[in-house]
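What follows is a set of notes on a single structure, which appears directly below.
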Amino acid sequence: MIILEDVVKNYGSDVPALNGINLHIQKGEFVFIVGKSGSGKSTLIKLLLKELDPTSGEIFVNKKNLNKVTRKKLPFLRRDIGVVFQDFRLLPDRNVYDNIAFAMKVVEAPNRKIKSRVLAMLSMVGLLDKYKSFPNELSGGEQQRVAIARALVNRPAILLCDEPTGNLDPANSNAIMKILEQANKQGTTVLVVTHNMDIVAQMKKRTITMSDGKVISDREKGGYFYED
Amino acid sequence: MKIRSLMYHFKDGFKNIHRNRMFSLASIATITACIFIFGVIYSLFQNFEFMVKKAENEICVTVFFDEGLSDAQIKQIGDTISKREEVSSMHFTTAEEAWNNFKSEYFADFPELAEGFQDDNPLANSASYEVYLNEASQQDALVSFIEGISGVRQVNRSEVAASGLESAARLIGYVAIIIIAILLAVSVFLITNTIVIGITVRKDEISIMKFIGATDSFVNAPFFIEGITIGIVGSIIPLGILWLMYSRIITYVLSKFSVLQNILVFLPEGEVFRVLAPVAIILGIGIGALGSTFAVRKHANV
């Protein structure tokens, strides 16, 4: 599903942000990416979204070589990838329902599909009763659940989560992880970049540790390696 | 772009205009000024051209002949003149017709004065051709040609003021083009800025749209609708003002300069607006689309 081959990203300084990354993530996997600040995690997410291009190496997402994806075809690549950010990035002037429906409207989904799919997502994240609430009326955990619903509503093949529990307490973090696990069980490949070691330990999923732009550990079932 | 998305874009476009209403109003005002000036200049030129054309159609050269020329010789001269390309039409006036015309013009109120001449025609040598021209500017060439024909005694020419007016009008036209060009540039600049503000306000939304997989055309459509709407409104307002003013100004001019009623013949509104209205609206749409393009190219690449 995601393949990185000898990927290097250099922003111009002496030390590259990513230095020869090789990664294979299979369809339907749930993977944590951990590492200190500056280890290259965010650069990796930006490369997968083709927000940035690698200095060298090749990246394949859902069998598409990102080096060959043109600007015109980029939106269609991104429809295969749902994204969840630490700061939620909800639209403050729209209610919960409209925030989720927005994701379907911008990809020009038929109106008849929007209502049923949005309600299904609201049910999945447990916010059916709050569909009329605006983001400022929700807790951090609820806002993140809306963001996840928005990311999943178009049924992407991959869900990228950049520090999804960064602003949440342990209870809300656990609730978010349960939703991500549920999405994964339904077939979505989930990639979670996080600092939250408790969650990583608890979830017992494949964990890739990065340091100074390199993968220093790739372990199955929750083991992680954090080098100080 | 799918049809069902259009409503969504229109809603967004109008929302942008409402959000930045002060800037939108400033843009509309500038386009209004630009198109108003364009409309005034266009109406003036159309009417001026109409009057010049009308005056040109009435310009004629009168040709008189040497004494004792036979009818056949006069006819031959007529044939020579009629072959010239400057000539639009010709009319022959016999000496008798000339005398009758003179009498009806000057002695109508005193027929007894004409009786003194009895059968003696004082205009016996005044048979003439009235030669009408295609264009006033061709008069000099035609007159010098006719003067060179043997048997021609005299050629009377029309006074042509039109050529002087034409050069003055051309000068006014150049100045107007410069003013319109400056206003066009200001309009495009203001629309660009108005839309850039809309883009800046919605930067986060645009960024989310692009992450979700919205195409560039989907993201940019509301901004084009915003620009084009401003352009259309900015062109309809001056058209309305010009429509209301046009007949009033004509009535005023004709009442003030009633002496010149024969020269001042204006086109009806319908004739002027048949071309002006679509041109002005296309101009408004063009200004709006151009402003949107500049704004989107520079700022919507989030």
Side-chain angles (χ1 to χ4, degrees), chain A residues 45-46 48-52 61-62 64 69-85 87-94 98-114 135 146-162, chain B residues 1-24 194-227 229 292-302:
Chain A
I45 293 267
K46 285 179 179 171
L48 292 175
L49 286 167
K50 204 172 158 62
E51 240 187 293
L52 296 173
V61 172
N62 214 6
K64 286 170 195 147
V69 172
T70 58
R71 186 185 161 86
K72 211 175 173 184
K73 286 184 179 164
L74 183 59
F76 303 97
L77 166 88
R78 287 183 174 167
R79 289 176 194 188
D80 285 338
I81 309 170
V83 203
V84 176
F85 300 98
D87 55 357
F88 323 129
R89 299 198 194 173
L90 300 177
L91 300 172
D93 59 338
R94 283 165 223 215
D98 289 335
N99 260 286
I100 301 168
F102 175 73
M104 292 189 81
K105 282 181 181 164
V106 302
V107 299
E108 301 184 81
N111 285 330
R112 64 192 149 76
K113 273 193 185 171
I114 293 178
V146 177
I148 293 170
R150 184 182 66 191
L152 289 172
V153 75
N154 286 324
R155 295 182 179 158
I158 301 162
L159 182 63
L160 292 184
C161 305
D162 191 4
Chain B
M1 173 90 48
K2 289 176 181 164
I3 300 290
R4 65 171 164 268
S5 301
L6 271 180
M7 283 305 290
Y8 183 78
H9 294 317
F10 271 102
K11 218 171 107 186
D12 259 17
F14 290 129
K15 209 191 276 179
N16 288 347
I17 293 173
H18 182 70
R19 260 188 208 148
N20 316 314
R21 48 192 173 275
M22 288 315 288
F23 276 90
S24 302
T194 305
I195 293 165
V196 165
I197 288 169
I199 292 172
T200 310
V201 168
R202 297 182 56 197
K203 206 133 197 154
D204 289 342
E205 188 180 336
I206 293 170
S207 150
I208 293 164
M209 284 165 97
K210 294 213 165 178
F211 278 126
I212 291 168
T215 56
D216 285 349
S217 59
F218 189 93
V219 173
N220 298 340
F223 302 114
F224 277 99
I225 287 171
E226 180 184 356
T229 305
S292 310
T293 308
F294 288 151
V296 161
R297 266 203 196 155
K298 252 188 161 180
H299 299 276
N301 290 324
V302 183

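We name chains A, B, ... by the order of the sequence lines, and we start the count at 1 in each one.
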Is [X] in contact with chain B via its backbone, its side chain, both, or neither, using a 4.5 Å heavy-atom distance?
{"X": "Ala147(A)", "value": "neither"}
{"X": "Leu77(A)", "value": "neither"}
{"X": "Asp93(A)", "value": "side chain"}
{"X": "Pro110(A)", "value": "both"}

Original post:
Within a radius of less than 6.0 Å around OH of Tyr8(B), do more than 12 heavy atoms belonging to other residues, nucleotides or ligands occur?
Top reply: yes
Original post:
Quick one: does Lys210(B)'s side chain get under 4.5 Å of Leu74(A)'s, heavy atoms only?
Top reply: no
Would you list the atom pairs, donor with acceptor, under 3.5 Å between side chains in residues 10-17 of chain B and any protein atom, with sequence neighbours excluded?
| from | atom 1 | to | atom 2 | distance (Å) |
| --- | --- | --- | --- | --- |
| Asp12(B) | OD2 | Arg202(B) | NH2 | 3.0 |
| Asn16(B) | ND2 | Glu226(B) | OE1 | 3.4 |

Subject >> Region of Phe211(B) that comes under 4.5 Å of a non-hydrogen atom in chain A >> reply: both
Subject >> Residue selection (most heavy-atom pairs with chain B, distance under 4.5 Å) from Pro156(A), Ala103(A), Gly82(A) >> reply: Ala103(A)
Subject >> Point-to-point distance, once rounded to the nearest 0.5 Å, from CG of Leu152(A) to CG of Leu159(A) >> reply: 5.0 Å
Subject >> salt bridge (Lys or Arg N to Asp or Glu O under 4.0 Å) partners for Asp162(A), two or more places apart >> reply: none
